[in-house]
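First up is the structure itself, then whatever we jot down about it.
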Amino acid sequence: MRLGNAMLERLASAGIEGARAAEALRSLLIYTLSFAAHEAPRANDPAGQARIRESQAAFQSAKHLGRLQALSEQLAQHADERTFETGLGWLLDGIALNERQGRSRSGL
């Protein structure tokens, strides 16, 4: 709860309050917790590199999916701290942009 309150305080300092702040907080928590849940099992996976190679081979074999195949090496890599930071930045940029434009996806 302290994390949620701290995030709401940060949102308020950026001018995002009320129902829109609750909506933004929900999105941020879902992103953060989902990322952690998705990546936690991989942190100590002794077969991590083998799984990356298997994923890359699967992407490369998708001849009928050219864009997926072309990015096989990048897509096969496990998400890391940089991935989290990039995604969080995009999410925060979107929240800020929607606030500046006075709109939200849910109509709040």
Please check if [X] and [Y] belong to a single hydrophobic cluster, counting links between Ile, Leu, Val, Met, Phe, Trp and Tyr side chain heavy atoms closer than 4.5 Å.
| X | Y | value |
| --- | --- | --- |
| L65 | F59 | yes |
| L8 | L88 | yes |
| L3 | L92 | yes |

Distance in Å, [X] [atom1] paired with [Y] [atom2], rounded so as to fall on 0.5 Å steps:
| X | Y | atom1 | atom2 | result |
| --- | --- | --- | --- | --- |
| R67 | L75 | CZ | CG | 12.5 Å |
| S72 | Q77 | OG | CD | 10.0 Å |
| E54 | Q49 | CD | CD | 11.5 Å |
| E9 | S13 | CD | OG | 9.0 Å |
| F84 | L91 | CZ | CG | 9.5 Å |
| L11 | E99 | CG | CD | 9.0 Å |

inquiry  = The test is side chain to side chain contact (heavy atoms under 4.5 Å, CB included); show your working for D80 and T83 and say whether it passes.
reply    = CA-CA 5 Å; D80 57 14; T83 305; 3.0 Å; yes

ask   = Are T32 and L29 side-chain neighbours, meaning at least one heavy-atom pair lies under 4.5 Å?
value = no

query = Got I30 and R26 here, is their nearest side-chain heavy-atom distance under 4.5 Å?
reply = yes

key: Closest non-hydrogen atom pair, N98 against R20   =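 What the structure gives for the nearest pair is O-NH2, 3.3 Å.
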
query = Got a donor-acceptor contact below 3.5 angstrom from the Q60 side chain to the Q69 backbone?
reply =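 It does not hold such a pair.
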
inquiry  = Given 3.5 Å as the limit, does a donor-acceptor pair link the side chain of R51 with the main chain of H78, or not?
reply    =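 Side chain of R51 to backbone of H78, a donor-acceptor pair under 3.5 Å: no, none is there.
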
task = Taking atom CD of E81 as the centre, report whether more than 12 heavy atoms of other residues, nucleotides or ligands fall under 6.0 Å from it.
result =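 At most 12 heavy atoms, drawn from other residues, nucleotides or ligands, come within 6.0 Å of this atom.
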
message = For N44, I'd like to know if atom CG has over 12 heavy atoms of other residues, nucleotides or ligands within 6.0 Å.
response =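 No, not enclosed.
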
message = I'd like to know if R82 and E85 make a salt bridge, using a cut-off of under 4.0 Å between side-chain N and carboxylate O.
response = no

